[in-house]
Trainee: 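I'd like to ask some things about the structure below.
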Amino acid sequence: SKTSKLAYCIKGTFVHSTDSSPMEILQDHIMGVNSNGKIEFFENARKQVELAKKWRFSESDIRELGSHEFCMPGMVDTHIHASQYSFSGTALDLSLLDWLDKYTFPTERKYKEAEFAKTIYSSIVRRTLRNGTTTACYFATIYTDSSLLLAEIANNYGQRAFVGKVCMDINNCAANYKETTDESIAETERFIKEFLERKYCRVKPIITPRFAVSCSEELLQELGELAKIHGTHIQSHISEAVGEVESVKTLFPNYKHYTDVYDKSKLLTDKTVMAHGCYLSDEELAIFRERGAAISHCPNSNISLCSGHLDVRKVLKHKVKIGLGTDVAGGYCSSMLDAIRRAIDTSKVLYIQYELGSSHSNQQTMPTSKTFSIQKEKYTALSYKEAFRLATLGGSQALNIDDVTGNFQIGKEFDAILVSPCVPGGPFDVFADDTFEDVVQKFLNLGDDRNIKGVYVAGQQVVPLPNA
Ligand code: GUN
Ligand code: ZN
């Protein structure tokens, strides 16, 4: 709008996704970011003279990117346990339910201590920002005050975030990590109230029942009500592992399926993101579609805990919103670049099973997925461009913030990463005959934080970090 002033311009190559294309590479473009942190204009640089006149900027106001450098949208981690960062990279020898009892609940108990929480929460916010995560959807722990501390830390570092106080009132006694139903509800109300009083711009509360296995019917229903009253986002886990799905059948015998448990509690809305969904049926995915609920695909976690594989193609066929998540620390890597790589690997594994398995006439590796009931054509693995879209625009859609972020559409807030593929001692090499597509693909497959020179959230530069 005419009332906002131009803050700065960036000139060079921009890479982003749109609804019609998983990856657009726009070379020699110029972008103007206004004082509200929004994208004011985004045009071919041949329009520079015209734009400079209209917006009153001079050559010296333009930040010009190097020849192989590019700007891409910041990545959206749709599912990450901030509290589990302390043990990420360890404790990956058990399957989900045993892993929760042995490692996760005892660790999360430590977050009753504010000092401990502050150290780990600062580390994970700093780490994810350096890795190019501009939006993170966090699970904290059951403790309200230290969960509020995570929100404050994300806000202080300038990260866009959702933060959830975890709710769980059954099957969580092993490590004495527990709350009663009444406590869980009252503390969630206090969490939302105190959170909203702080009036953060880009950090929001999210209602967080851990998963059906550790929540009573009453708790699920009350949380559904709270979400409705406050219009809050909702996150949980669904159909991640076989043992979990079996437990839900036993605990909730009067429900049609896992999805029905959440749906009957009004926990499936267009502001809901459910992690995993490896074992969801076509019928369940149809309910997700109807409600506008999203799935967070966390491939590192699915492999590390031997939970299963999510068939992204099947989710996309059902037109269910989907983004990627690191799921630290079931997933051992906090970088969304890893989530991109694992998502591609997972879909290649499924391709091998579906398309090559049959040619070896091995009944064991024949397709087991329901995908084949709705799809006759050949199965194709995810391309790196599709995985890129999942990590950026897809994530913003999953969190229902794609009106604000996710790509470089005019009017959206400028959440971006400045990538420098050629850094001394960096993780990969660029050669003379590499196309720009090659350079982008190399970064996605081989790059790391050494290549991330700057990170912007709503136009504000948040990396390099303060006192890094
Ligand atoms: N299901 C319930 N809690 C958790 C958790 O902390 N991590 C994962 N990966 N799955 C869960
Ligand atoms: Zn999780």
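Whatever order the structure lists ligands and atoms in, that order sets their numbers, starting from 1.
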Trainee: What I want to find out is whether E189 reaches K193 closely enough, with some N-O distance under 4.0 Å, to be called a salt bridge.
Mentor: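 The answer is no: the pair does not qualify as a salt bridge.
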Trainee: If you measure every N or O of E240 against every N or O of ligand 1, does any of those distances drop under 3.5 Å?
Mentor: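 In this structure, E240 places an N or O atom under 3.5 Å from an N or O of ligand 1.
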Trainee: Against heavy atoms of L96, which atoms of ligand 1 measure under 4.0 Å?
Mentor: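 Those qualifying, in numeric order: 8 (C), 10 (N), 11 (C).
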Trainee: Under 3.5 Å, N or O to N or O, is E108 touching ligand 1 that way?
Mentor: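 Among all N and O atoms of E108, none is under 3.5 Å from an N or O of ligand 1.
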Trainee: What are the atoms of ligand 1, with element, lying closer than 4.0 Å to any heavy atom of F211?
Mentor: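 That gives atoms 1 (N), 2 (C) of ligand 1.
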Trainee: Are Y138 and H79 an aromatic pair by the rule of ring centers under 6.0 Å?
Mentor: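 Between H79 and Y138, which both carry aromatic rings, the centre distance is not below 6.0 Å.
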Trainee: Can you tell whether the side chains of D263 and R291 come within less than 4.0 Å, N to carboxylate O?
Mentor: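 Salt bridge present between D263 and R291.
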Trainee: Charged N to carboxylate O under 4.0 angstrom, K385 versus E437?
Mentor: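 So K385 pairs with E437 through a salt bridge.
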Trainee: Under a 4.0 Å threshold between the charged nitrogen and the carboxylate oxygen, would E246 count as salt-bridged to K249?
Mentor: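 Result for this pair is yes, salt bridge flagged.
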Trainee: So, E413 and R202, do they make that salt bridge, N to O below 4.0 Å?
Mentor: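 Yes.
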Trainee: Using a 4.0 Å heavy-atom cut-off, say whether V213 meets ligand 1 through its side chain, its backbone, both or neither.
Mentor: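 No part of V213 comes within reach of ligand 1.
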Trainee: Which ligand 1 atoms are under 4.0 Å away from a heavy-atom of D327?
Mentor: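 Those qualifying, in numeric order: 8 (C), 9 (N).
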Trainee: Is any NZ, NE, NH1 or NH2 atom of the basic residue among R313 and D311 found under 4.0 Å from an Asp or Glu carboxylate oxygen of the other?
Mentor: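 A salt bridge is absent here (no side-chain N lies under 4.0 Å from a carboxylate O).
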Trainee: Should E187 and K165 count as an ion pair when the cut-off is N to O under 4.0 Å?
Mentor: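 No, E187 and K165 are not salt-bridged.
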Trainee: Which ligand 1 atoms does H276 reach within 4.0 Å, using its non-hydrogen atoms?
Mentor: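 Result: 9 (N).
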Trainee: Would you say E244 contacts ligand 1, with heavy atoms under 4.0 Å as the rule?
Mentor: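 Contact check E244 vs ligand 1: negative.
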Trainee: Does W99 come within less than 4.0 Å of ligand 1, judged by its heavy atoms?
Mentor: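 For ligand 1, residue contact (heavy atoms, under 4.0 Å) with W99 is present.
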Trainee: So that I can tick it off, tell me whether E24 and R389 are bridged by a salt bridge, with the cut-off set at under 4.0 angstrom between side-chain N and carboxylate O.
Mentor: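 A salt bridge is absent here (no side-chain N lies under 4.0 Å from a carboxylate O).
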Trainee: If the threshold is 4.0 Å, N to carboxylate O, is there a salt bridge linking D338 and R342?
Mentor: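 Salt bridge present between D338 and R342.
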Trainee: Is the Y200 ring parallel, tilted or perpendicular to the F195 ring (thresholds 30°, 60°)?
Mentor: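 Because their plane-to-plane angle is over 60°, the rings of Y200 and F195 count as perpendicular.
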Trainee: For the Zn ion (ligand 2), state how many protein N, O or S atoms fall inside a distance shorter than 2.8 Å.
Mentor: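 Every protein N, O or S atom under 2.8 Å from the Zn ion (ligand 2) counted, the figure is 4.
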Trainee: Got an N/O contact under 3.5 Å between R210 and ligand 1?
Mentor: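 Yes; at least one N/O pair falls below 3.5 Å.
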